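Okay, structure first, notes after.
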Number of protein chains: 2
Amino acid sequence: MESKDLRKAGLKVTLPRMKILEILEAADDQRHFSAEDVYKQLLEAGEDIGLATVYRVLTQFETADLVMRHHFESGHSVFELNRGPHHDHILCVRCGKVDEFVDETIERRQREIAENSGYRMTDHSLYIYGICEACQSKE
Amino acid sequence: MESKDLRKAGLKVTLPRMKILEILEAADDQRHFSAEDVYKQLLEAGEDIGLATVYRVLTQFETADLVMRHHFESGHSVFELNRGPHHDHILCVRCGKVDEFVDETIERRQREIAENSGYRMTDHSLYIYGICEACQSKE
DNA sequence: ATAGGAATGAGAAGCTTTTTCATCTGATCG
DNA sequence: CGATCAGATGAAAAAGCTTCTCATTCCTAT
Ligand SMILES: [Mn+2]
Ligand SMILES: [Mn+2]
Ligand SMILES: [Zn+2]
Ligand SMILES: [Zn+2]
C-alpha cells in the first residue's frame, strides 16, 4: 500500500525503503525512532541493510514529507511517521518516555508572536521535559 | 566583578574562564554563541586558549547556571549568558537572526499540559522558526 | 615562596551523520 | 521476459561537533 507513497515521492520502490517504512509503521509501542533504532530493528529482522542507507532513506522520507524529524535534547535526530495532525512532545528525562499533545492556545500564540516580531513563521518546535508518573513513583 | 561568580560556583579564577566570560558579556550585537564562535573571538583577541578549554568552560558555566545551552536546529550547542528572566527564541532560517520573547500564556499552558500528563516539569524548549522582516524584503 | 590539586592545551578519540565509489537493483521498453 | 541504465545500496572513509587523555602549567592556600 505504501509503494504508491514512494512512487508519488519520486522514489523507487526498493527493499530497504519498504522495510524501513514497515518498521516505522509497526509502532506497537514506539513511534519515535533514531536512525540507530531503525538500524537495530532491521538487524533483528535479519535484513542486511547498511546504516548509511537508513540515514539516506530517512532523510529522503523527510524531504518527501513521509516522516518528521525531531531534535530531542539527546543530540541525535529522531524520526516519526508523518500521520495524523501536528502535535508537540513531552518527554521524561529519566526513562525517555515520549508523550504527545496538541494545544490550540499555544499554536495560536506562536503564530501571533511570529507576526508581532515581523517573521513569516515556517515551523516551530516545542518540547516539554519532565519526570513521568512512573518515574516519580520510583523516587 | 565576575571572579566572585566563579568562586561562588566553586571554580578557580583562571585566565581562560575570565576571557570567556568577557566575550559572553560583550554582547554588543550577539548574545548567542556556539563554542566555535567563542573560540574565534578568543583567537581574534590574541588569546591562546584551546577549543577543548572553551567546551569545558562553557559546560562548567552551564552547570554553574552562569550560561544556558540551547539546541537550535543547526545541530550544535549555542550558549547564552544567563541574565535576565527566562525567554524563548524565534529564529530566521535564512540569515540566522535570533530574537527573544516571553509569553506568559504559553508558559502557563505548558505547566498545565505537564500537570495533566502526569509529568513534573523540569524544563521546556520552544523555538519558532521563520523568515525575518529583512529577509522577506529581499525576496 | 612552596606545594598540591585543579586547570589547560594539544591531540587523540568518540559519536552521529554524510560522502564516496564500486557494485547491484528495479523501472522501462522492446 | 531479458537487456539497459539511471538510480539505489553497502562498506568504508571522512566530516563535524564534542569529549577525553595526559603531560604540563597555573591558582590557591599555606
Ligand atoms: Mn510524535
Ligand atoms: Mn536568548
Ligand atoms: Zn519516566
Ligand atoms: Zn533573516
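Model, not experiment: these values are computed from the prediction. Every chain is numbered from 1, with letters handed out A, B, ... down the list of sequences.
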Next on the checklist: Over 60° means perpendicular and under 30° means parallel, so tell me whether F72(A) and Y127(A) are parallel, tilted or perpendicular.
Outcome noted: perpendicular
Checklist entry - What's the closest nucleotide to the I49(A) side chain, out of dC27(D), dC20(D), dG10(D)? => result dG10(D)
Item to check | Bending between helix ends of the helix from dA1(C)-dT30(D) to dG30(C)-dC1(D) [5 pairs per end, 10° resolution] | outcome: 30°
Checklist entry - In whole Å, what is the span from the CD atom of E47(A) to the P atom of dG10(D)? => result 10 Å
Item to check | Euclidean distance, atom OH of residue Y55(A) to atom C1' of dA8(D) [Å, nearest integer] | outcome: 19 Å
Checklist outcome for this item: Looking only at dG26(C), dC20(D), dA11(D), the nucleotide nearest the L15(A) side chain is dG26(C)
Checklist entry - Which whole-number value in Å describes the distance from R7(A) CZ to dT25(C) P? => result 18 Å
Item to check | Listed nucleotide nearest any side-chain atom of T59(B), set dA11(D), dT19(D), dT8(C) | outcome: dT19(D)
Item to check | Closest-nucleotide ordering on DNA chain C, the 5'-leading residue of R56(B) and K12(B) | outcome: K12(B)
Checklist entry - For the pair made of CD1 in I20(A) and P in dG10(D), what is the distance, rounded to whole Å? => result 8 Å
Item to check | Closest-nucleotide 5' rank along DNA chain D - winner of V13(B) and A35(B) | outcome: A35(B)
Next on the checklist: Does dG7(D) have OP1 or OP2 under 4.0 Å away from a side-chain N or O of T14(A)?
Outcome noted: no
Next on the checklist: Looking at K19(B) and E25(B), is any side-chain nitrogen of the basic one under 4.0 Å from a carboxylate oxygen of the acidic one?
Outcome noted: no
Checklist entry - Quick one: do R31(A) and E100(A) make a salt bridge, cutoff under 4.0 Å? => result yes
Checklist outcome for this item: Value for CG (L81(A)) from CZ (F33(A)), rounded to nearest 0.5 Å, stands at 9.0 Å
Checklist entry - Within the structure, does a side-chain N or O atom of R17(A) lie under 4.0 Å from either OP1 or OP2 of dT9(D)? => result yes
Next on the checklist: Once you apply a heavy-atom cut-off of 4.0 Å, does S77(B) come out as touching a base, just sugar-phosphate, or nothing?
Outcome noted: sugar-phosphate
Checklist entry - Taking the inter-plane angle between the rings of H89(B) and H70(B) on a 0 to 90° scale, is it parallel (under 30°), tilted (30 to 60°) or perpendicular (over 60°)? => result perpendicular
Item to check | Atom-pair distance (NZ on K19(A); C1' on dG10(D)), nearest Å | outcome: 18 Å
Item to check | Between H71(A) and H76(A), a side-chain donor and acceptor under 3.5 Å | outcome: no
Item to check | Q136(B) side chain to I131(B) backbone, donor-acceptor under 3.5 Å | outcome: yes
Checklist entry - Do R56(A) and T59(A) have side-chain N/O donor and acceptor atoms under 3.5 Å apart? => result no
Checklist entry - Please give, in whole Å, the distance from dT19(D) C1' to Q60(B) CD? => result 13 Å
Checklist entry - Are the charged groups of E104(B) and R109(B) less than 4.0 angstrom apart, N to O? => result no
Checklist outcome for this item: Whole-Å distance, Y39(B) OH to dG16(D) P, equals 17 Å
Item to check | First of F79(B) and V54(A) reached from the 5' end of DNA chain D, by closest nucleotide | outcome: V54(A)
Next on the checklist: Between H86(B) and H124(B) (judged by ring centroids, cut-off 6.0 Å), do the two rings come close enough to count as a pair?
Outcome noted: yes
Checklist outcome for this item: To the nearest angstrom, the NE2-P distance between H76(A) and dC17(D) comes to 18 Å
Checklist entry - Where along residues 62-73 of chain B does a heavy atom fall under 4.0 Å from DNA chain D? => result none
